[in-house]
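Note sheet for the following structure.
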Amino acid sequence: MTVIYLLAFFTGLNFVIFPALSSVFTDSALFALSPAQFGNLFIPQVICIIASCLAAPFLVNKTGPKIILGTGLVLMMAATAGLWSLRFFMNEKQMLFPALMVLVACTGTGFGLSITTLNPLAASLSENSKSSSILILQFLVGLGTSASPLMINAVGSLQNWMDVPGIVFILVAVIFILFLCLQLEKGPLFQLPAHFKIPSRLWLFFAAIVLYGFIEGAFGSFGAVILKNQGLNSSQASLGLSLFWGGIAFNRLLFGIFSKKFNLSYGFLGSPLAVAVLLSALWIYPDAGLLLPMMFLTGFFMGTLFPGSIGWGTVEFPSLSVLVSGFLMAANQTGTGIITNTLGHFSDRTTLILQFLTGCVILIFILLMILRKNSKIEEAF
């Protein structure tokens, strides 16, 4: 179990290495990408994540979890090794952007294959607390994503950027060697029926997570812009964004620990209403002194919605567990991809954005209440 959790952390660490190096890619003395090129860099990543998340359940069903998870790890290591090797081609400006597009696609594919397999793998190793294991795993993924930007600060000058992919490659290679020593059986959670169709209730989960992706993507890509438009300076806006992600991680950790002992289903179902109230307050009463704690609370009450839905879906559809993981991972990336490629046209209309996000979270609450009827939610939490 320790190796699986370490893989979750390093998968998150590897996943955000390209966004974390944004200042390097746009630096005129280094990669010299334009803002438009940098934005387009992540289109193949989103497409590859969605495609690999949807394909992974069928690949795992055919070959077992170890081969697919191992393939995902190899692709992510290839991406970091390739990024490190670009240090030798910095004078070939014409080839840098196409090379980065290929490497980002490798990262996206590797992440999709890895995380889709890790969710049911964690659940399969904890038969009596599937949702709790998935929540803790997603907490560690989030912890990894927050650690990557810290590595940029640790290496100091932007000229030392190549140390980041080099260090990440070494760390992932070590855990990959440990992973190769594991014996992973193709248990029932990784098997799909010979003939099946996606249940209508699973489509409701999909819709809820697409809406969740809108909110996560909006704050992940434009959170600092939104906060600055609401009266904070740049450093305060960055702090607010960190508090948002910190709240998400803290909630997942607490839910993962305490759902083993207490029935937290009502807390899960009520969390969208809490987020709706907080988002409404952000545009109705945008007091600069309250924005930072409100960002933490917004992230906190959002934290369990995504991994909790995967855990709930795993309990609800035990014969389709690996499909639930890939399907909802693809839903999250679909929502994130749509909002990040749309919101730029409305970045100066903060109130409208926050009103839209408030509407999204209210719809999530309605969908969860529909799904609650005749469900196994108390077993999941």
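This is a predicted model, so every value here is computed, not measured. All values below were derived from every heavy atom in this structure, side-chain atoms included, with hydrogens, water molecules and symmetry-related copies excluded.
- Atom CD1 of I364 is separated from atom CG of L371 by 11.5 Å, given to the nearest 0.5 angstrom.
- Using a 4.5 Å heavy-atom threshold, the side chains of F111 and N14 count as separate.
- Using a distance-only test at 3.5 Å, with no hydrogens or angles considered, no donor-acceptor pair links the side chain of T116 to the main chain of L113.
- Rounded to the nearest 0.5 angstrom, L323 CG and L202 CG are separated by 6.0 Å.
- Considering all non-hydrogen atoms of both residues, P57 and G326 come closest at CG-CA, 4.2 Å.
- Linking Ile, Leu, Val, Met, Phe, Trp and Tyr whenever their side-chain heavy atoms come within less than 4.5 Å leaves I43 and V104 in two separate clusters.
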Please determine whether side-chain contact (heavy atoms from CB on, under 4.5 Å) holds for the pair F219 and L279, giving the CA-CA distance in whole Å, both sets of side-chain angles, and the decisive distance to 0.1 Å. CA-CA 11 Å; F219 281 107; L279 289 177; 3.6 Å; yes
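- The aromatic rings of F296 and F250 are tilted relative to each other, their planes meeting at an angle between 30° and 60°.
- Contact between A173 and M77 at its shortest, heavy atoms only, is CA-SD, 3.6 Å.
- When side chains are defined from C-beta on, T80 does not count as touching V172, because their heavy atoms never get closer than 4.5 Å.
- Pairing each heavy atom of S114 with each of M76, the nearest pair is OG-CE, 3.4 Å.
- The salt bridge (charged side-chain N to carboxylate O under 4.0 Å, His left out) search around R372 returns none, not counting sequence neighbours.
- Between the CD1 atom of I175 and the OG1 atom of T11 there is a distance of 9.5 Å, given to the nearest 0.5 Å.
- Using a distance-only test at 3.5 Å, with no hydrogens or angles considered, no donor-acceptor pair links the side chain of N251 to the main chain of F301.
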Could you walk me through whether L83 and L100 pass the side-chain contact (heavy atoms from CB on, under 4.5 Å) test, one step at a time? CA-CA 7 Å; L83 180 57; L100 287 172; 3.8 Å; yes
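- Of the possible polar contacts, none joining the T109 side chain to the C106 backbone as a donor-acceptor pair under 3.5 Å is found.
- Taking all atoms of both residues into account, the shortest heavy-atom contact from L269 to F365 is O-CD1, 3.4 Å.
- Annotation: side chain of N119 is in contact with side chain of M329 (closest heavy-atom distance under 4.5 Å).
- Under the 4.5 Å side-chain heavy-atom criterion for grouping Ile, Leu, Val, Met, Phe, Trp and Tyr, Y266 is not connected to W312 through any hydrophobic cluster.
- Between T336 and V46 there is no side-chain heavy-atom pair separated by less than 4.5 Å.
- With a 4.5 Å cut-off on side-chain heavy atoms, R252 and L140 do not count as touching.
- Among residues two or more places apart in sequence or in another chain, the ring pair (Phe, Tyr, Trp, His ring centres under 6.0 Å) test is passed with F327 by W203, F206.
- Without hydrogens or angle criteria, N332 side chain to L328 main chain gives no donor-acceptor distance under 3.5 Å.
- A heavy-atom distance below 4.5 Å is not found between the side chains of C53 and Q333.
- In this structure, CD1 on I209 lies 9.5 Å from CG on L367, to the nearest 0.5 angstrom.
- To the nearest 0.5 angstrom, I50 atom CD1 is 3.5 Å from T334 atom OG1.
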For L368 and L305, what are the C-alpha separation, side-chain angles and deciding distance, and is it a side-chain contact (heavy atoms from CB on, under 4.5 Å)? CA-CA 10 Å; L368 294 182; L305 285 175; 4.1 Å; yes
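- The distance from the CG atom of L278 to the CE atom of M302 is 11.0 Å, given to the nearest 0.5 Å.
- I177 and V168 are assigned to two separate hydrophobic clusters, defined by single-linkage of ILVMFWY side chains at heavy-atom distances under 4.5 Å.
- Two different hydrophobic clusters hold I339 and I47 under the rule that ILVMFWY side chains link at heavy-atom gaps under 4.5 Å.
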From CA spacing to verdict: side-chain contact (heavy atoms from CB on, under 4.5 Å), Q138, I115: CA-CA 9 Å; Q138 288 293 329; I115 199 66; 4.0 Å; yes
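- Between L7 and L121, the closest side-chain pair of non-hydrogen atoms is not below 4.5 Å.
- Using cut-offs of 30° and 60° on the angle between ring planes, the pair F205 and F317 is perpendicular.
- Using a 4.5 Å heavy-atom threshold, the side chains of T117 and L59 count as separate.
- Distance alone, capped at 3.5 Å, is enough to place a donor-acceptor pair between the S271 side chain and the F268 backbone.
- If you chain together hydrophobic residues whose side chains sit under 4.5 Å apart, I353 and V277 never meet in one group.
- At least one donor-acceptor pair closer than 3.5 Å links the side chain of S85 to the backbone N or O of G82.
- Taking all atoms of both residues into account, the shortest heavy-atom contact from L86 to M95 is CD2-CE, 4.5 Å.
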